[in-house]
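All ligand and atom numbering here is 1-based and tracks the order in the structure.
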Amino acid sequence: MADAVVSENQKFSIKEVFDTFQLCVTENKEVKIDQYVAGWRGLVRFLNSLGTVFYFIAKDAASKIQIMVNYRNGENGAQYATIQSMVKYELENDLVDLTEKASFPESGCRTLLRLHRALHWLELFLERLRTSTEDDKTSVMCSESYNESLALFHPYMIRKASGLAFCTLPRRYTFFEVMNVGTPDQVVAMLGEALPLVSEVYQLTQDLYSKHNILDIP
Ligand SMILES: CCCCCCCC/C=C\CCCCCCCC(=O)N[C@@H](COP(=O)(O)O)[C@H](O)/C=C/CCCCCCCCCCCCC
């Protein structure tokens, strides 16, 4: 099992997180779960560095990451090597609640779908950040991206709490500094490189879930 992309005593760099997403995709265009999870761990670390107001979000993401890690470390771990092999295994063995929450509230397919929806938010947010100008507000970019993606699946209370948390995001310049990539121009260049990697992982997963009609697992 691949461990977190950065260890605690290394200086954090968001670029390394995105490099991990690049390692997700195999030659056969399958998405490796170890690397997918490692990428998410790095993102959650970044989120934690933004303040305790994001704790409830980081906690939910971390618990979903842990579910996936447990599958990888479990007796059927090999079946969870890629998202493709996981979907095949869980569907063939009736391990997914397809219409209502029942016997498998934490199936791999369901859990990964939640992270997958969050990856869509990330894709939209990165694109906004990349094309933003100095005066644009990260809180606005974040909530617009959220409203177009994750919010469609969240109840009122979560949407409200998320909106409040977004208001505390640092201004663009400080946000770029926390990313630890370099000058704003270097950040923008890095975002330009990172986006296609995230998009490819998102699209491969989206196509797979769509093909199996499992985009609405409750
Ligand atoms: C270069 C830019 C770097 C940006 C780095 C961003 C780092 C973001 C890290 C993590 C994103 C959070 C992922 C959250 C996963 C949420 C999964 C989800 O939808 N869970 C809900 C449904 O789960 P079930 O109940 O069905 O099991 C759950 O109810 C949600 C709970 C918490 C609220 C989730 C709000 C998500 C907001 C995402 C925006 C994060 C803001 C980041 C600010 C930069």
Residue and atom name of the nearest protein heavy atom (relative to atom 15 (C) of ligand 1), distance in Å to one decimal: A118 CB, 3.8 Å
Cationic N near anionic O, under 4.0 Å, K15 to D19: yes
Side chains of F175 and L50 in contact at under 4.5 Å (non-hydrogen atoms): yes
Pairwise distance SG(C24) to OH(Y202) - rounded to 0.5 angstrom: 15.5 Å
Top protein contact for atom 24 (P) of ligand 1, by heavy-atom distance: R110 NH2, 3.5 Å
Heteroatom proximity flag, K64 to ligand 1, N/O under 3.5 Å: yes
Salt-bridge contact E200-K29 (side-chain N to carboxylate O under 4.0 Å): yes
Note, I14 side chain near N180 side chain (heavy atom, < 4.5 Å): no
Residue and atom name of the nearest protein heavy atom (relative to atom 33 (C) of ligand 1), distance in Å to one decimal: I158 CG2, 3.6 Å
For M179, atoms of ligand 1 separated by under 4.0 Å from a heavy atom: 1 (C)
Option nearest atom 22 (C) of ligand 1 (shortest heavy-atom distance, choices E106, R114, K101): R114
Residue selection (non-hydrogen contact nearest atom 42 (C) of ligand 1) among L43, L50, L47: L47
Part of R128 with heavy atoms under 4.0 Å of ligand 1, whether side chain, backbone, both or neither: neither
Proximity winner for atom 34 (C) of ligand 1, if only heavy atoms of H116, H154, K15 are counted: H154
Side-chain heavy-atom pair W40, L115 within 4.5 angstrom cut-off: yes
Heteroatom distance test (S162, ligand 1): nitrogen or oxygen, under 3.5 angstrom: no
Region of L169 that comes within reach of ligand 1 [heavy atoms, distance under 4.0 Å]: side chain
Ligand-residue contact atoms, ligand 1 with L126, heavy atoms, under 4.0 Å: 1 (C), 2 (C)
Ion pair R172/E134, N-O distance below 4.0 Å: no
Heavy-atom proximity to atom 38 (C) of ligand 1, best of V17, L150, T168, L195: L150
Check: E16 main-chain N/O paired with T20 side-chain donor or acceptor under 3.5 Å: yes
Side chain, backbone, both or neither: the part of W121 lying under 4.0 Å from ligand 1 by heavy atom: side chain
Nearest candidate to atom 11 (C) of ligand 1, where distance is taken over non-hydrogen atoms, out of F176, F56, F175, W40: W40
Atom 5 (C) of ligand 1 - nearest protein heavy atom and its distance: F46 CD2, 3.5 Å
Nearest neighbour in protein (non-hydrogen) for atom 41 (C) of ligand 1: F166 CE2, 3.7 Å
Heavy-atom nearest neighbour in the protein, as seen from atom 14 (C) of ligand 1, with distance rounded to 0.1 Å: I57 CG2, 3.9 Å
Cationic N near anionic O, under 4.0 Å, R110 to E90: no
Contact check, side chains of I33 and Y71, non-hydrogen atoms, under 4.5 Å: no
Contact check, side chains of N147 and E144, non-hydrogen atoms, under 4.5 Å: no
Check: T111 side chain, S107 main-chain N or O, donor-acceptor pair, under 3.5 Å: yes
Option nearest atom 31 (C) of ligand 1 (shortest heavy-atom distance, choices V178, D60, L113): D60
